[in-house]
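The analysis underlying the following values was restricted to heavy atoms, covering all of them including side chains, and did not include hydrogens, waters or symmetry mates.
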Amino acid sequence: MSNKNPNTSKIVELAKQKSLDTEKKVLSTIKNMIKSKQVINYNTVSQESKVSKSFLYNNEGLRKKIDMVRNEQANLKKVINHKPNTSEKSKDVIIESLKFKIESLEKENKELKKTLAAKYSEFYENL
């Protein structure tokens, strides 16, 4: 005869505790990966913490944390200079070309402001 109302509360409690312990382990792994400047994504976190990727995707808190750190790392990578071996001469050439570009844009800006002022005065005279 099987029990019609089995008492599974202890099993459920243990499963929740195991899940919380795993979540703490993953958060600790993420902190360590940040300190060691490793790439953070679902795959690397899954491998480092030895949990399944589905656990990471299904846990909303871990998912937000991984996405946040991953986005921060992506923003940091954009700032890093990808040409560390540029010579001083090439840097000087780049600076000069940028200065020339700035000067030409400033001249164009002044011309556009003058044209705009003329159009405004013409518009108000015709009112």
Side-chain angles (χ1 to χ4, degrees):
M1 218 144 174
S2 66
N3 189 355
K4 299 269 184 187
N5 297 318
N7 185 5
T8 58
S9 62
K10 193 67 171 174
I11 293 173
V12 171
E13 183 182 321
L14 289 172
K16 286 181 183 179
Q17 185 61 42
K18 182 180 176 186
S19 179
L20 288 174
D21 292 343
T22 306
E23 187 175 340
K24 287 178 186 177
K25 181 173 84 169
V26 170
L27 289 173
S28 174
T29 301
I30 292 172
K31 286 179 186 177
N32 292 335
M33 290 176 74
I34 291 171
K35 287 179 184 176
S36 63
K37 297 181 180 178
Q38 293 178 331
V39 175
I40 307 278
N41 58 40
Y42 291 101
N43 195 35
T44 57
V45 172
S46 170
Q47 289 173 351
E48 285 287 321
S49 60
K50 295 179 177 66
V51 298
S52 68
K53 284 187 253 182
S54 63
F55 178 80
L56 299 176
Y57 280 109
N58 291 332
N59 188 312
E60 193 66 31
L62 293 176
R63 191 174 192 170
K64 287 180 181 178
K65 179 76 172 175
I66 292 171
D67 287 339
M68 181 188 71
V69 173
R70 188 169 66 175
N71 290 336
E72 287 176 5
Q73 284 184 339
N75 291 338
L76 288 176
K77 287 180 183 176
K78 292 177 185 175
V79 175
I80 296 173
N81 184 9
H82 293 289
K83 297 180 181 179
N85 297 331
T86 54
S87 68
E88 289 298 318
K89 188 174 182 178
S90 64
K91 287 180 184 177
D92 291 340
V93 170
I94 292 171
I95 290 170
E96 288 301 318
S97 68
L98 290 174
K99 283 182 181 178
F100 178 75
K101 188 173 184 178
I102 289 170
E103 288 175 10
S104 65
L105 288 172
E106 286 175 345
K107 287 179 186 177
E108 182 182 358
N109 194 11
K110 285 180 183 178
E111 291 174 13
L112 289 171
K113 284 182 180 180
K114 286 180 184 176
T115 306
L116 184 62
K119 292 290 182 183
Y120 273 136
S121 64
E122 182 182 313
F123 176 73
Y124 285 117
E125 287 175 5
N126 290 337
L127 284 179

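Residues passing the salt bridge (charged side-chain N to carboxylate O under 4.0 Å, His left out) test with R63: none are found, sequence neighbours excluded.
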Full working for salt bridge (charged side-chain N to carboxylate O under 4.0 Å, His left out) between R70 and D67: CA-CA 5 Å; R70 188 169 66 175; D67 287 339; 3.3 Å; yes

Check against side chain to side chain contact (heavy atoms under 4.5 Å, CB included), L116 and L112: CA-CA 6 Å; L116 184 62; L112 289 171; over 6 Å; no

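Other residues, nucleotides and ligands place more than 12 heavy atoms under 6.0 Å from the NZ atom of K25.
Going from atom CD of E72 over to atom CD1 of I34 covers 7.5 Å, rounded to the nearest 0.5 Å. Rounding to the nearest 0.5 angstrom, the gap separating the CD atom in E88 from the CG atom in D92 is 6.5 Å. To the nearest 0.5 Å, atoms OG1 (T22) and CD (Q17) are separated by 9.5 Å. The structure places CD of E23 at 11.5 Å from OG of S49, a figure rounded to the nearest 0.5 Å. Interatomic distance, E48 CD to S36 OG, rounded to the nearest 0.5 Å: 7.5 Å.
Nearest heavy-atom pair, S52 versus S46, reported as atom, atom and distance to 0.1 Å: C-OG, 3.9 Å.
Listed for the S19 side chain is no donor-acceptor partner under 3.5 Å among the backbone atoms of A15. Not one N or O on the side chain of T8 forms a donor-acceptor pair closer than 3.5 Å with the backbone of I11. Side-chain N or O atoms of Q73 include one that pairs as donor or acceptor with a backbone N or O of Q38 at under 3.5 Å.
Test V45, N59, D21 against V26 for side chain to side chain contact (heavy atoms under 4.5 Å, CB included) and you get one pass: V45.
Proximity of N41 to T44: side-chain heavy atoms (C-beta onward) are separated by under 4.5 Å at one or more points. The shortest distance between side-chain heavy atoms of L62 and F55 falls below 4.5 Å.
The side chain to side chain donor-acceptor pair (under 3.5 Å) analysis of residues 101-113, with sequence neighbours excluded, yields no pairs.
Hydrophobic cluster membership differs between V39 and M68, with clusters built from Ile, Leu, Val, Met, Phe, Trp and Tyr side chains linked at under 4.5 angstrom.
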